[in-house]
There are 2 protein chains.
Amino acid sequence: MSSDSPFHHLFEFFNQIHPLNSDSKKAIESISSIVTIAKNQDLQPIGATCKTIYFVKKGLARIYYYKDGIDVTEYFAFENDLIIRAESLFTGKPSQKAIQAVEQTEFVGISSDLLFGLFDTLPDLERLFRKITELAYVNTLNRIESIQFHPAEERYHRLLEENPEFIQRIPLKHIASYLGITQVSLSRIRGQKN
Amino acid sequence: MSSDSPFHHLFEFFNQIHPLNSDSKKAIESISSIVTIAKNQDLQPIGATCKTIYFVKKGLARIYYYKDGIDVTEYFAFENDLIIRAESLFTGKPSQKAIQAVEQTEFVGISSDLLFGLFDTLPDLERLFRKITELAYVNTLNRIESIQFHPAEERYHRLLEENPEFIQRIPLKHIASYLGITQVSLSRIRGQKN
DNA sequence: TTTATCCTTTTACAAATGTTAAAAAAGGTT
DNA sequence: AACCTTTTTTAACATTTGTAAAAGGATAAA
């Protein structure tokens, strides 16, 4: 795998979770493609059933949905993050969410139908994606704890510390809905001290 | 598999997610055992690394932890639910959480070390547990949405509708912390109308 | 029954966040 | 630059939830 392969960073990412043998890597390459989306454009419309697993090569994307007509961000993905509409991919139901490029973003798209088909012959791949899901699950458990027991101000400041990029590259309204508060509340928090 | 096997309900549960062949069932039986815990007793102490996947045969259990000295319930499991301290099982770190029997409860315990070992020879099992994790992940995503965008009163009433058992079998203080509110708030909500 | 303990509710007040509307600031386009 | 649009902040007020303390109920043990 040459380091200038379009899938280089994807395999680096996989490697940290479960190393793949070369057959599995070739199989992944054969079902993957590069997609580039302009700023503020959606990858796929809300309402379609999700059939693709995305990886952010370059740029920044988010998963969002409309809650009572309000745009709510569920998740942000930076370079070298996976971005998956799990609630559709894992249930087969149409997704009420969309993936949007916050900046111009280059994705690797992996066909989920083809990927799941490969699991029968390449258990390596099933193991990798099992572990990916396990880690994503643990992350959401921790996020629930954070939402339930830390005030919005604390969550904002923690976000600021852990991921200063967030604030520089993402409109505050998206950060507010990601934190589960209104834009007005976030502005108030930002204005207080400092 | 006779219907009076101690693992009958476990396999019924698995069947709905991913049917197992008989080799896989036998393997599961060989690494599983029945554990009975008295009311209000813990299965395992906080601080131990989780090495067991539990299934509630009879009774009712919860996962809880201490947040600033306060007992917080993360999850309830009724009959025929799995109960897993994922944050420890999937990371290998000591668990800050414990499983407690809310009533006298009979569990099936499955050794996770032995289970993960079986995945190499019985891909059936890895597929089952991949799917289980996927569904659990989707559930937590939905729970985040519920916590962030529905007031406690609505969450309580939804819980009441979807799972009336909760209120009859579980002390209200546990329900309050599960909903992410104080016991006083829950009491206020209950007292309002109706 | 009596006592002790735990669970639940009530009350009064404080703090955090939501709602609405308007103003200010920032970005893009002609 | 001038204009339009979007984003962010500010203000005033309403609502929700938290905190602390006390009282009332329920349950279990002596």
Side-chain angles (χ1 to χ4, degrees), chain A residues 38-42 60 62 64 66-73 76 100-104 144-160 164-194, chain B residues 38-42 60 62 64 66-73 76 100-104 144-160 164-194:
Chain A
K39 180 171 177 172
N40 292 332
Q41 298 302 304
D42 286 4
L60 165 52
R62 68 187 183 110
Y64 76 99
Y66 289 101
K67 175 75 192 172
D68 302 329
I70 308 289
D71 175 322
V72 172
T73 296
F76 293 111
Q100 184 178 81
V102 177
E103 310 167 347
Q104 171 165 315
I144 287 176
E145 195 263 353
S146 165
I147 293 169
Q148 278 189 323
F149 298 106
H150 298 270
E153 181 187 340
E154 196 180 325
R155 302 207 301 281
Y156 171 71
H157 284 115
R158 189 185 299 182
L159 192 67
L160 209 57
E165 277 189 301
F166 267 64
I167 279 66
Q168 287 153 11
R169 295 170 67 182
I170 302 171
L172 289 171
K173 60 178 180 175
H174 294 336
I175 293 174
S177 72
Y178 176 75
L179 289 172
I181 57 179
T182 61
Q183 198 174 342
V184 175
S185 264
L186 179 56
S187 197
R188 192 157 32 198
I189 288 166
R190 285 162 53 81
Q192 275 169 9
K193 43 194 163 185
N194 152 43
Chain B
K39 180 173 176 171
N40 293 332
Q41 298 302 303
D42 286 3
L60 164 53
R62 69 186 182 111
Y64 75 99
Y66 289 101
K67 175 72 192 174
D68 302 329
I70 308 289
D71 176 322
V72 172
T73 296
F76 292 111
Q100 184 177 82
V102 176
E103 307 167 349
Q104 172 166 314
I144 287 176
E145 195 262 353
S146 165
I147 294 170
Q148 278 190 323
F149 299 106
H150 299 270
E153 182 186 341
E154 194 180 325
R155 302 207 299 281
Y156 171 71
H157 284 117
R158 187 185 298 181
L159 192 67
L160 210 56
E165 278 189 301
F166 268 65
I167 279 65
Q168 286 152 12
R169 295 169 67 181
I170 303 171
L172 289 170
K173 61 178 179 174
H174 294 336
I175 293 173
S177 73
Y178 176 76
L179 289 173
I181 57 179
T182 61
Q183 198 174 342
V184 175
S185 264
L186 178 57
S187 197
R188 194 158 27 199
I189 287 166
R190 285 162 52 82
Q192 274 170 10
K193 43 195 161 187
N194 154 41

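Put simply, T182(A) has a side-chain N or O that comes within less than 4.0 Å of OP1 or OP2 on dG18(C). In this structure, R188(A) does not reach the dT9(D) phosphate: none of its side-chain N or O atoms is under 4.0 Å from OP1 or OP2.
In terms of position along DNA chain C, the nucleotide closest to I170(B) lies nearer the 5' end than the nucleotide closest to the other residue of the pair I170(B) and I181(A). Between P151(B) and K39(B), the residue anchored nearer the 5' end of DNA chain D, judged by the nucleotide with its closest heavy atom, is P151(B). Both K173(B) and S185(B) lie close to DNA chain C; mapped to their nearest nucleotides by heavy-atom distance, the more 5′-ward contact belongs to K173(B).
With rounding to whole Å, E153(B) atom CD is found 13 Å from dG18(D) atom P. For the pair D68(A) CG and dG18(C) C1', the interatomic distance rounds to 14 Å; values are reported in whole Å. One atom, CZ of R190(A), and another, C1' of dA16(C), lie 19 Å apart when rounded to the nearest Å. To the nearest angstrom, P of dA26(C) lies 15 Å from CD of Q183(A). Taking atom CD1 of residue I189(B) and atom C1' of nucleotide dG18(D), one finds them 12 Å apart after rounding to whole Å. At whole-Å resolution of the value, CG in D71(B) and C1' in dC6(C) are 13 Å apart. For the pair L172(B) CG and dC6(C) P, the interatomic distance rounds to 17 Å; values are reported in whole Å. If you take CD1 of I175(A) and P of dT7(D), they are 13 Å apart, rounded to a whole angstrom.
A 6.0 Å sphere centred on CD1 of I167(A) holds more than 12 heavy atoms belonging to other residues, nucleotides or ligands.
Among dT17(C), dT8(D), dG18(C), the nucleotide with an atom closest to any side-chain atom of P171(A) is dT8(D). Picking from dT8(D), dT8(C), dT10(D) the nucleotide with the shortest atom distance to the side chain of V184(A) gives dT10(D).
Interatomic distance, L186(A) CG to Y178(A) OH, rounded to the nearest 0.5 Å: 13.5 Å. Remark: I70(A) CD1 to Q183(A) CD distance equals 10.5 Å, nearest 0.5 Å.
Using a 30° and 60° split on the angle between ring planes, F76(B) and F166(B) fall in the perpendicular class, above 60°.
Taking every heavy atom of both residues into account, I147(B) and R155(B) meet most closely at O-NH1, 3.7 Å.
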